Number of protein chains: 2
Amino acid sequence: MKIFRMPKTAYLPHIAYDSVIFGFSEGDLKILIMEYHNTGLFALPGGFVQLQENLNDAVLRGLNERTGLTDIYLEQFYTFGDFSRFDPEVMRTLLEANGILPGDGYQWMLDRFISVAYYALINYEEVTPRPDALSDSCEWYPVNELPELILDHRNIVEKAIQTLRDNLDRKLVGGNLLPKKFTMNELQNVYEAILGTKLRRTTFQRKMLAAEVLTRHEKHFSGKAHMAPYLYSFK
Amino acid sequence: MKIFRMPKTAYLPHIAYDSVIFGFSEGDLKILIMEYHNTGLFALPGGFVQLQENLNDAVLRGLNERTGLTDIYLEQFYTFGDFSRFDPEVMRTLLEANGILPGDGYQWMLDRFISVAYYALINYEEVTPRPDALSDSCEWYPVNELPELILDHRNIVEKAIQTLRDNLDRKLVGGNLLPKKFTMNELQNVYEAILGTKLRRTTFQRKMLAAEVLTRHEKHFSGKAHMAPYLYSFK
DNA sequence: TACTATTGTCACAAACTGAGACAATAAGAA
DNA sequence: TTCTTATTGTCTCAGTTTGTGACAATAGTA
């Protein structure tokens, strides 16, 4: 059995973060989910804040550890603080499955936590998800086919999607889920996956062009038998 | 000197909340600011979370103590977690001005805190602000004439206003700053105070009526020499 | 060379918004 | 009573944005 090793760094007690990491592939909006050793428990990637660390930096650090990425579109969206999310059995199961006994100095992890939730938008292609010390996998799941998640993590995901939808037009963030250059159709597919609805091609194109946030590049020849679309990038 | 007495209840360490309590009077958007005994320090009303209390309930409890209100429109908008907001001197000044010495068991209040920020919209007329044990006043200040605030509280206020503006049309929350029944003109004044811009009377009226969120009641006779406006309430 | 699927753009109608016009008041003044 | 004034509710008209379909251009295949 793999032995759990946490860096000796000290963390702020009672405070955690969870991150909903969105990616886009095969027409689906997906998020990264961790599965823990020998437990069948699934959870959002999360972590703790070092004693002298900015909260935002802690999240970026965790994101970098899971994805290898450094420049990440990241947004804080809600802090979950209900007492009902306190369920020490879940964490105990998780620690014990990793060979950690009570009294190993991880007692603090069994306390009540308030969790600050963030969502990140990343380019699926640039990432090879990496599990952490406690988990044996970190994998993409389509948002419509999530496994059962621990605690209130399902709630967190739903609020993340809702916030993302609300921000989509206001902040024009959809492009963060794509490679630097993309076709208008790919961008539309991202929007449709996030909103869960079909959009009109011509209206969508007109709106995006009118927003003046895109730069048009060379055409992209896919080998298909039809007119080649332009490639775009965000300004 | 008034001696500081905090209920013996235990609180979660490192976690606080701050609330930006909005009211509307005399054409101005105002917020409640506390002034602390003998220090000249001004701050947002805030507090701590009891060990078994929901975060949201803690904020409602604090709001009730400051305003006497129970049904309050409340929205969480951001959690401030930079290490730079750790400044024990401010809290030490504040405790000492209240006759509290080091070793009185309030050491935990000098630690680093992460603060979850909320904004509330209340009906100015229903409220008589009440100071807490540490403060000698709790008063309304127009958002454009705030005193200098401790720590990052000025930041918190600005983010609150920004969020309120963004949510104004989407959530139609402006009515929470008014009595149950109000005229269209009063509602427009609230919108103008929040947005900081003048709006067109006819366009505003048409938009609000088209939204189908208002119920029209009897006319309101103000005694002025002109056509009496209808009163409205939110559905 | 003809055929097909997709793209970029245009055209027109429908819906929405900005800006002003105007009659209908409520109360005071003449 | 009648006139005057400030404000309100509603309408109109123009300008803008959005929904919807049409259509030619094009990259490959048959």
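So you know, we letter chains A, B, ... as the sequences are listed, proteins then strands, and number each from 1. The structure presented is a predicted model; accordingly, all values stated were derived computationally and were not measured.
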Chemist: Could you tell me how far apart B:Tyr230 (OH) and C:dT25 (C1') are, to the nearest whole angstrom?
Modeler: 11 Å
Chemist: What is the separation between atom CD on A:Gln188 and atom P on C:dT6, rounded to the nearest whole Å?
Modeler: 13 Å
Chemist: So which nucleotide from C:dT9, D:dT26, D:dG9 ends up closest to the side chain of A:Met227?
Modeler: D:dT26
Chemist: In this structure, how many angstroms lie between the C1' atom of C:dT7 and the CG atom of A:Leu187, rounded?
Modeler: 15 Å
Chemist: Can you tell me if A:Arg61 and A:Asn64 form a side-chain donor-acceptor pair at under 3.5 Å?
Modeler: no
Chemist: Taking the nucleotide of DNA chain D with the nearest heavy atom to each, does A:Lys219 or B:Leu209 sit closer to the 5' end?
Modeler: B:Leu209
Chemist: Let me know the distance between CG of A:Asn185 and P of C:dA5, rounded to the nearest Å.
Modeler: 16 Å
Chemist: Parallel, tilted or perpendicular: which fits the ring planes of A:Phe204 and A:Tyr191, with parallel below 30° and perpendicular above 60°?
Modeler: perpendicular
Chemist: Ring centres under 6.0 Å, that's the criterion: do A:Tyr78 and A:Phe80 meet it?
Modeler: yes
Chemist: Hey, is the side chain of B:Arg200 poking within less than 4.0 Å of OP1 or OP2 on C:dA19, counting only N and O atoms?
Modeler: yes
Chemist: Hey, which of these two, B:Pro229 or A:His226, hits DNA chain D nearer its 5' end, going by closest nucleotide?
Modeler: B:Pro229
Chemist: Nearest to the side chain of B:Ala225, which nucleotide is it out of D:dT5, D:dG9, D:dT18?
Modeler: D:dT5
Chemist: Measure CG/A:Asp169 against C1'/D:dT17 and give the value in whole Å, please.
Modeler: 14 Å
Chemist: I'd like to know if A:Arg206 reaches the base of C:dG8 with its side chain such that a donor and an acceptor end up less than 3.5 angstrom apart.
Modeler: no
Chemist: A:Glu186 CD to C:dT7 C1': how many Å, rounded?
Modeler: 14 Å
Chemist: So, under a plain 3.5 Å distance rule, would you say the side chain of A:Arg201 forms a donor-acceptor pair with the base of D:dG21?
Modeler: no
Chemist: Mind checking whether A:Phe113 and A:Phe48 have parallel, tilted or perpendicular rings, split at 30° and 60°?
Modeler: tilted
Chemist: Check the distance between C:dA5's P and A:His220's NE2 and give it to me in whole angstrom.
Modeler: 19 Å
Chemist: Give, for atom CG of A:Asp166 and atom CG of B:Asp166, the distance between the pair rounded to the nearest 0.5 Å.
Modeler: 11.0 Å
Chemist: Closer to the 5' end of DNA chain C via nearest nucleotide, is it B:Phe221 or B:Lys207?
Modeler: B:Lys207
Chemist: How long is the line joining CD of B:Gln205 and C1' of C:dG18, in whole Å?
Modeler: 15 Å
Chemist: Looking for any heavy atom pair under 4.0 Å, which part of the strands does A:Thr202 touch: base, sugar-phosphate only, or nothing?
Modeler: base
